[in-house]
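These notes concern the structure reproduced below.
The first residue of the sequence shown is numbered 1, and numbering continues consecutively from there. Both ligands and their constituent atoms are indexed starting at 1 by order of listing.
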Amino acid sequence: MIEELNNYNFLTENDNLLLKTYNLGFNNKQILIITINREKSLNAVDLNILKSLSNVLKHVKDDSNILSIIITGAGSKAFIAGADIKSMNNFNSEDAYKYSVLGQDLVKLINSFDKPIIAAINGYALGGGCEIATACHLRYASENSIFGQPEVKLGIIAGWGGTVNLKKIIGLGNATKLLISGDTINCDEALRLGLVNMVFPFANFLSSVIKEVKSFCHNSPNAIKNTLISINSSNNDESYKIESDLFSKSFKHEDSRIGISAFLRKEKPKFK
Ligand code: COA
C-alpha cells in the first residue's frame, strides 16, 4: 500500500510534516495522509508543526480532489507524545496563553473541518497528541497505542481543548478521571471508553486505516460536509477561553517549574 502513495505538492515551512496522497481511483479523488515527522522527539508538536499543520489544512479545505485527511505519526512508537515540553521550559504566562490559543485554533480548525479528518494513532497519544486526536472526527488506533492527558504531572493543565472536547467523546466522568489522574490507558480501554472507533494490528496499520476511510469516500461529499457541519455546530468559544486563561495561569505557579524541570531531568516531580 505504501508504494501506492504519491507526494502532495504543498510547501510547508519545515520538513516536520510529510504529505502523501492515496489515489481513490475515481475522478482523481484522493485521501491526504499527513505524517508528523519528528520521530526522535516522539513527534512532539512544536510551534513550527502547529503552524504548518494549520496551513496545510487551510490549503486542503479548497482542494476538491481531497476527500478526506488522515493524520498519523512517524515511526513505530508515537502518534504525538504531546506539545513540545522542551519549548515550554522557559514560558511565562503570556507565552503559555499564546501557545494555548494557537493549539486551540488548530483543534478548532480540525473539529470544524468540512471533510472527515481521521487520527491514525500509531503509539503514544499524550497531552496535545490526545487533544489533536480528540479533535479529529474519527480515531483509529493500532494495538500499541497509549492515551492520556499527563499535563497535571507537569504542574499544568491541558491547553489545546482537552478540557473542552474529551468529555464530549468519553463522558464527563471518564474525561475528568483522565485529566486529573494523568493516567495513561491502552487501546483496549480506549475502545471500551469510546475514545477510539476501531483498533487494528500494528502490522499494515496505515493500510487498514486507508481501507476504512475508503469505505466512506464513495458517499456524497456534499452530504458528508453538511453532516460534519451539523454535528460540530455547537459553540465552545467560552470554554476554550477559560481553558487558555487557566493554562496560562498555571505557568505563573511554581508547580509548572517543578513539573517541567523534573520531566527534562527525567525525574518524578515533587509538588509541595
Ligand atoms: N516534548 C518534548 N520532547 C519529548 C516529549 C514531549 N512531549 N515526549 C518525548 N520527548 C522526547 C524525550 O525528551 C526524549 O528526548 P531525548 O532523547 O532528547 O531525551 C525523546 O522524546 C524520547 O522520549 P523518552 O522519554 O526517552 O522515551 P520513553 O520511551 O522513555 O518514554 C513517553 C515515552 C511518551 C512515556 C515519555 O517520553 C513522556 O512521558 N513524554 C511526555 C508526555 C507528556 O507529558 N506529554 C504532554 C505534554 S504537555
*With atoms numbered from 1 as shown, which atoms in ligand 1 lie under 4.0 angstrom from a non-hydrogen atom of Leu126?*
34 (C), 42 (C)

*Does ligand 1 have any atom that is closer than 4.0 Å to a heavy atom of Ser41?*
yes

*Where the closest heavy atom to atom 13 (O) of ligand 1 is concerned, which of Glu131, Lys86, Arg38 has it?*
Lys86

*asked:* Checking contacts here: is it the side chain or the backbone of Lys40 that comes within 4.0 Å of ligand 1, counting heavy atoms only? Could be both or neither.
replied: backbone

*Could you tell me which residues satisfy salt bridge (charged side-chain N to carboxylate O under 4.0 Å, His left out) with Lys272, sequence neighbours excluded, listed by chain and number?*
Glu254

*Where on Ala81 is there a heavy atom closer than 4.0 Å to ligand 1, on the side chain, on the backbone, on both, or on neither?*
both

*asked:* Considering both backbone and side-chain atoms of Lys266, is one of its nitrogen or oxygen atoms within less than 3.5 Å of a nitrogen or oxygen in ligand 1?
replied: yes

*asked:* Any carboxylate oxygen within less than 4.0 angstrom of a Lys/Arg side-chain nitrogen, looking at Lys241 and Asp245?
replied: yes

*Just checking, Lys77 and Tyr124: is the charged tip under 6.0 Å from the six-membered ring centre and within 45° of the axis?*
no

*Which word best sums up how the rings of Phe91 and Phe251 line up, parallel for under 30°, tilted for 30 to 60°, or perpendicular for over 60°?*
tilted

*Of all residues at least two apart in sequence or in a different chain, which pass the salt bridge (charged side-chain N to carboxylate O under 4.0 Å, His left out) check with Arg257?*
none

*Between Ala125, Ala78, Pro150, which one has a non-hydrogen atom sitting closest to atom 43 (C) of ligand 1?*
Pro150

*asked:* I need the nearest protein heavy-atom contact for atom 37 (O) of ligand 1: residue, atom name and distance, please.
replied: Leu42 CD1, 3.7 Å

*asked:* Between the side chains of Asp237 and Lys108, is the shortest nitrogen-to-carboxylate-oxygen separation below 4.0 Å, so that they form an ion pair?
replied: yes

*Applying the 4.5 Å side-chain criterion to the ILVMFWY set and letting contacts propagate, would Ile85 and Trp160 be lumped into a single cluster?*
yes

*May I ask you to identify the nearest protein heavy atom to atom 36 (C) of ligand 1, giving residue, atom name and distance to one decimal place in Å?*
Phe263 CE1, 4.4 Å

*Should we count CD of Glu267 as having more than 12 external heavy atoms under 6.0 Å?*
yes

*Check whether any protein heavy atom sits under 4.0 Å from atom 30 (O) of ligand 1.*
no

*Among Leu106, Ile132, Asp84, which one satisfies side-chain contact (heavy atoms from CB on, under 4.5 Å) with Val45?*
Ile132

_Closest to atom 28 (P) of ligand 1 among Met88, Lys77, Glu39 (heavy-atom distance)_ = Lys77

*Between Ile85 and ligand 1, is there a nitrogen or oxygen pair with a distance under 3.5 Å?*
yes

*Answer yes or no for atom 7 (N) of ligand 1: protein heavy atom present at a distance under 4.0 Å?*
yes

